[in-house]
Every structure is written in structure tokens, then in C-alpha cells.
Amino acid sequence: MNFKIRVKLYSAGVRIVVDPGAEPSVEWENQPAGARIETSDAGVRVREQKTFGTGGTPGEVVITIPVDTAQMELSVAQGDVDIAARGVDSKVKTGAGNITGTAFVDSEVKTGAGDVKIEEVEGSDVKSGTGDIHIERVMVTKKCELKTGAGSINVAAVTGAEPPKSLKVKSGTGDVRVGIVERTAAKLEVKTGLGQVKSELDEVSNVAEVTSKVFLEAKSGVGDVTIVRA
């Protein structure tokens, strides 16, 4: 995996599209003066000069790449980030905007204000200052943290590892719901300051049936915390 994407934007969001038959390309309607775009077989680089007082609704930069896995370093001041590729060892950040992604491995994903929706996360941290976080699947092969200051967190399915690693799921104000897949044993630390704690997990009766383990810390300052079987 050698393909690299480097993006720094102040007035636009970014969308990354995968097309195996295409050459790397960048589409940027109303591209501002001074912006730099570089494409090659090894990667894509887009950089916008910092401007002040632009206001208005953020535009969008569309990047098409020929591979489904890339190392990314994306920094957006304001605007949404939508990534169809799998990010490995990546850093993705927007100051204000939603983040949508296919998968992240060993990565950091962060929005200051916006929702985050990702299909799969492995060994990564996902954070929102204000917004909901929804993850379809978290693979805890390394420690992971999902955190929002104000918003709900929903993890549909969690699988662990052997030896077990830790998953921290925290909301300052909002509900937390985590699903643990069958045959994964979870050691729980569950807490809420103002709300209800619910767990549908039973004690493990047959250790031989356990295929993975996880340390789960799930907390909310104000909100319900619910742990279920996925």
C-alpha cells in the first residue's frame, strides 16, 4: 500500500472516489487562485492557500483514485469529508462538517462539529466535538477510542482479539449503545452520570465457545448506556 493522499483545504470539503480503471484525478469547481494540485501514480496532493472572510457554503473537491486502500492526511477547515477508500495509518480531520467513511485501520478521525458514520474501524480513534458517531463494526485488535462531547454513539458490532485489547466509548451528553458479537467475551466498565445502564450480556458459561475478548469501557455523562449482543 504505497498510494498517498495529502489534502489541506480551507474553503471546501473533500470526497474521495475509487475507480480501478481511472487515472488519479481532481475535480474542483471554482478552484481558488493559488491552489495547488499534483497527481501521479503514487498519490494525490491538494493544497489551498489560507484565506479569510470567504464565508458562504463550503464547496467540494472530488478526488478519484485507482486503488481501494490509501494512506491519507486530510485537513479540512469547514466542509464534509466522504471517503470511499480504505484509510490505513491515516489522519482525517475537519473543523466543522460530517465525516463518512468505508474503513479505517490504525487511523485518527476527528470532526470539531459534525456527525461521523463509518462502516468499519480497526485500531483507530474516532472523535467528534459535537455530533453523533455511528460505526457498523469495530475490530479491537488494538486499543480504540470513540468519543463525542455532545451526541450519541452507536456501535452495531464489536469483535475482540486474543489477548484482549481495550475499547473506550464515551459521550459527554448522549446515549451510548454497543453491540458485542456472539462468541466474544467482554469485560465491562459501564457508567452514566445521569441515565440508565442496561446490559443484555450473560456470563460466559462455556469458555471453549469464546473466540475473542475485549475490555469495554462505555460511559455517558448524561444519557443511557446499553450493551447488547449483536
Side-chain angles (χ1 to χ4, degrees), residues 16 18 68-69 72 81-90 92 98-111 114-128 131-172 174-192 195-220 223-230:
I16 296 176
V18 175
D68 60 6
T69 301
M72 307 178 197
V81 177
D82 186 354
I83 304 172
R86 182 182 183 88
V88 177
D89 191 22
S90 298
V92 176
N98 300 324
I99 297 177
T100 305
T102 300
F104 291 98
V105 179
D106 300 337
S107 299
E108 298 177 12
V109 180
K110 183 178 181 180
T111 176
D115 297 335
V116 180
K117 187 174 183 179
I118 304 172
E119 293 179 17
E120 185 175 287
V121 166
E122 180 177 355
S124 301
D125 293 340
V126 180
K127 299 180 181 180
S128 174
D132 298 337
I133 296 175
H134 181 89
I135 313 292
E136 283 295 325
R137 183 181 181 89
V138 176
M139 302 171 66
V140 193
T141 55
K142 299 179 181 179
K143 65 179 182 178
C144 301
E145 182 175 9
L146 313 177
K147 184 177 181 180
T148 180
S152 64
I153 302 178
N154 189 318
V155 183
V158 171
T159 58
E162 186 61 58
K165 306 298 180 182
S166 65
L167 169 62
K168 295 182 179 181
V169 184
K170 298 181 180 181
S171 172
D175 295 337
V176 171
R177 182 181 177 88
V178 181
I180 308 294
V181 302
E182 294 288 347
R183 305 184 71 181
T184 292
K187 182 177 181 180
L188 304 179
E189 181 180 345
V190 184
K191 182 179 180 181
T192 180
Q196 293 184 331
V197 172
K198 308 172 187 177
S199 176
E200 297 180 3
L201 272 62
D202 298 323
E203 292 189 9
V204 176
S205 58
N206 188 348
V207 178
E209 294 181 354
V210 174
T211 57
S212 68
K213 301 174 184 177
V214 63
F215 296 130
L216 173 62
E217 179 181 335
K219 297 182 178 181
S220 175
D224 296 339
V225 179
T226 305
I227 313 299
V228 300
R229 276 295 176 192

| query | Does Glu217 pair with Lys191 as a salt bridge, N-O distance under 4.0 Å? | reply | no
Side-chain heavy-atom pair Val190, Ser199 within 4.5 angstrom cut-off: no
For a 4.5 angstrom cut-off between non-hydrogen side-chain atoms, does Asp68 reach Arg86? no
Shortest non-hydrogen pair, Val225 vs Ala218, comes out as CG1-CB, 3.8 Å
dist Thr159:OG1 -> Glu122:CD (nearest 0.5 Å) comes out at 8.0 Å
Between Ser90 and Ser107, the two heavy atoms sitting closest are N-OG, 3.0 Å
For the pair Ser171 (side chain) and Gly151 (backbone), establish whether a donor and an acceptor sit closer than 3.5 Å, ignoring hydrogens and angles.
yes
Let me see the working for Val126 and Phe104 under side-chain contact (heavy atoms from CB on, under 4.5 Å), right down to the final yes or no.
CA-CA 10 Å; Val126 180; Phe104 291 98; over 6 Å; no
NZ of Lys198 to CD1 of Ile227, rounded to nearest 0.5 Å, is 12.0 Å
Between Lys110 and Ile99, the two heavy atoms sitting closest are O-CD1, 3.4 Å
Smallest heavy-atom separation, Ala161 atom then Thr141 atom, equals CB-CA, 4.0 Å
All heavy atoms of Ala156 vs all of Glu136, minimum pair found to be CB-O, 3.2 Å
Using the rule given for side chain to side chain donor-acceptor pair (under 3.5 Å), can you reason through Asp132 versus Ser152, listing the C-alpha separation, both sets of side-chain angles and the distance that settles it, and then say yes or no? CA-CA 5 Å; Asp132 298 337; Ser152 64; 3.3 Å; yes
query: Is there a side chain to side chain donor-acceptor pair (under 3.5 Å) between Ser212 and Thr184 once you walk through the steps?
result: CA-CA 5 Å; Ser212 68; Thr184 292; 2.7 Å; yes
One thing to verify: whether Lys127 and Glu108 come together as a salt bridge, which I'm taking to mean a side-chain N less than 4.0 angstrom from a carboxylate O. no
Applied to residues 138-164, the salt bridge (charged side-chain N to carboxylate O under 4.0 Å, His left out) test, sequence neighbours excluded, yields Asp106-Lys142, Glu162-Lys213
Practice task
Answer yes or no: is there a donor N or O on one side and an acceptor on the other, between the side chain of Ser220 and the main chain of Gly174, under 3.5 Å?
Solution key: yes
When you look at Thr192 and Asp224, which way does the side-chain contact (heavy atoms from CB on, under 4.5 Å) test go after all the steps? CA-CA 7 Å; Thr192 180; Asp224 296 339; 6.0 Å; no
Interatomic distance, CZ@Arg183 vs CZ@Arg229, rounded to 0.5 Å, equals 11.5 Å
Output for pair (Leu146 CG, Ile135 CD1), nearest 0.5 Å, gives 5.5 Å
The reported gap from CG in Asp175 to CD in Gln196 (rounded to nearest 0.5 angstrom) is 10.0 Å
Nearest heavy-atom contact between Thr102 and Ala84 is OG1-O, 2.9 Å
